[in-house]
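This report concerns only the one structure given below.
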Amino acid sequence: MEYRSVRGMEDMLPQDAWIWHYIEARARQEFAASGYSEIRTPILEDTAVFVRGIGDTTDIVTKEMFTFTDRKERSLTMRPEGTAPIVRAYIEHALLAIAPISRLYYVGPMFRAERPQKGRFRQFFQIGAEVIGSGSPFADIETIAQISSMMTLFGLKEFKIKLNTLGCRDDKAKFAVSLKNYLEDKRPRLCEDCVSRMDKNVLRVLDCKNPECREIVKDAPNVVDSLCQGCAEHFKKVKDGLNLLGIGFEEAKNLVRGLDYYTATVFELTHSALGGQDALAAGGRYDNLVKDMGGSALGAVGYAIGIERLIIALKAEGIKQTPETVVYIATMGDDAKLEGMRIAREIRVHIGLGNIVVLTDVGETSLKSQLRSADRSKAKIVIMLGDDELKQNKATIKDMGGKEPQVMVEIGSIVKEVVRRLC
Ligand SMILES: [Zn+2]
Ligand SMILES: [Zn+2]
């Protein structure tokens with residue numbers, strides 16, 4: 001019997017852990033500095049949270065959810081996105097009573113039964129942010145500025161911000177009518193998916209990847225012509241604000257998002273390393289969702305970054321792991337082995353848990369093979385200790401870079417000696 005991971009669900013292997021830590025640590029740092037607090041919601045929710053939240057005609061809800069019935073015949077779904085559960089939790093725990101504006105962030109796995117392809121998995125990880133409680137364009141500006149600084153903190157340079165607006169619910173409905181009128185006589189040329197979108201969710205025709213559909217929507221009506229005065233002003237303020245802050249963006253009139261809850265501002269971050277489906281992050285305003293899910297009428301804006309896709313982009317820009325400094329303690333004999341562990345603990349406590357790794361031998365191998373292990377782990381310093389040396393209360397320190405001669409020192413001064421050589 002050979003076991004394999006479930007299709008589209010990947011193991012994170014130890015050799016790749018560093019880049020996940022790199023991203024998550026920087027994201028948490030940026031969120032903390034911007035006044036966001038973390039929220040963790042369960043992976044399973046009542047299916048209704050997503051059907052109501054995301055929309056019952058969206059691709060996610062109709063085709064991509066992992067939904068099952070539990071032993072008590074309840075329909076549960078593995079979360080396909082983070083916003084609907086957060087709004088559910090926001091209302092359930094009355095977070096509005098704590099602060100008029102909540103800045104929340106999350107990091108965790110999401111699940112969608114899509115066809116696995118480059119950077120797209122059935123279990124995938126997102127870092128996301130939600131600002132709930134403001135309908136102001138300044139919340140949009142701050143959110144887009146924040147994701148942009150975070151990308152810079154990750155060291156990412158070649159990303160683009162694409163911006164559009166969908167208008168309020170009335171504008172969206174008005175735009176849907178004019179788009180449908182435009183598409184009606186072109187229906188025979190549209191792909192099969194778009195033909196069904198025409199009746200269910202016509203805006204989605206705009207972001208179809210089919211080349212023929214793309215050609216057709218090039219001359220489609222522009223959403224800005226369907227905006228009410230309030231939404232037109234909102235969009236203008238967002239653009240002016242970003243310009244003033246020096247945050248580059250391009251207007252993308254055919255940018256719509258695949259979730260029904262978006263209204264007004266929508267945006268995407270794209271990167272050329274991701275190919276045809278080039279978004280590595282996306283977000284927008286969802287001013288009706290809190291009320292639709294049973295809460296107060298509150299404006300909200302948020303985004304999610306796909307971590308696997310961000311990793312592809314960072315690697316394409318040549319990100320490298322910062323090497324750790326390794327201290328290897330090679331020991332011969334039982335007493336020396338335990339003394340080696342004691343020394344290792346002392347060094348760790350003294351130096352702190354920075355980028356320094358102290359390794360000891362637990363394989364009971366020969367000195368020669370321990371020195372090979374030290375070499376393999378690119379140890380900078382090797383401490384050698386046998387039962388005989390231990391009797392004299394001494395150990396040998398070897399500088400693998402060869403800068404300093406190999407010396408024997410008192411065990412009591414090893415930590416001082418290691419610190420002197422490393423710092
Ligand atoms: Zn409007
Ligand atoms: Zn299409």
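Bear in mind that the values here come from a model prediction, so they are computed numbers and not experimental data. Order of listing sets the numbers, starting from 1, for every ligand and every atom in it.
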For this session: Check whether the side chains of Asp11 and Ser5 place a donor and an acceptor atom closer than 3.5 Å, and report yes or no.
Result: no
For this session: Using the ring pair (Phe, Tyr, Trp, His ring centres under 6.0 Å) rule, pick out the option among Tyr36, Tyr303, Phe31 that qualifies with Tyr105.
Result: Phe31
For this session: Determine whether the side chains of Tyr286 and Glu130 contain a donor N or O and an acceptor N or O closer than 3.5 Å.
Result: yes
Exercise. Does the ring of Tyr182 carry Lys186 above it, NZ/CZ under 6.0 angstrom from centre and within 45° of its axis?
Worked result: yes
Exercise. Taking it one step at a time, do Gln146 and Glu142 satisfy side-chain hydrogen bond (donor to acceptor under 3.5 Å, both in side chains)?
Worked result: CA-CA 6 Å; Gln146 193 264 330; Glu142 189 195 68; over 6 Å; no
Seminar exercise, completed: So SG of Cys213 and CG of Asn254: to nearest 0.5 Å the spacing works out to 12.0 Å
For this session: With the side chain counted from C-beta on, respond yes when Glu81 and Ile54 share a heavy-atom pair under 4.5 Å apart, and no when they do not.
Result: yes
Seminar exercise, completed: Atoms of type N, O or S from the protein that sit nearer than 2.8 Å to the Zn ion (ligand 2) number exactly 4
Problem set entry | Point-to-point distance, once rounded to the nearest 0.5 Å, from CZ of Arg79 to CE of Met110 | 4.0 Å
Problem set entry | Any Met341 side-chain heavy atom under 4.5 Å of Ile329 side chain | no
For this session: Sort by chain and number the protein N/O/S atoms that are closer than 2.8 Å to the Zn ion (ligand 1), and list them.
Result: Cys168 SG, Asp171 OD2, Cys228 SG, Cys231 SG
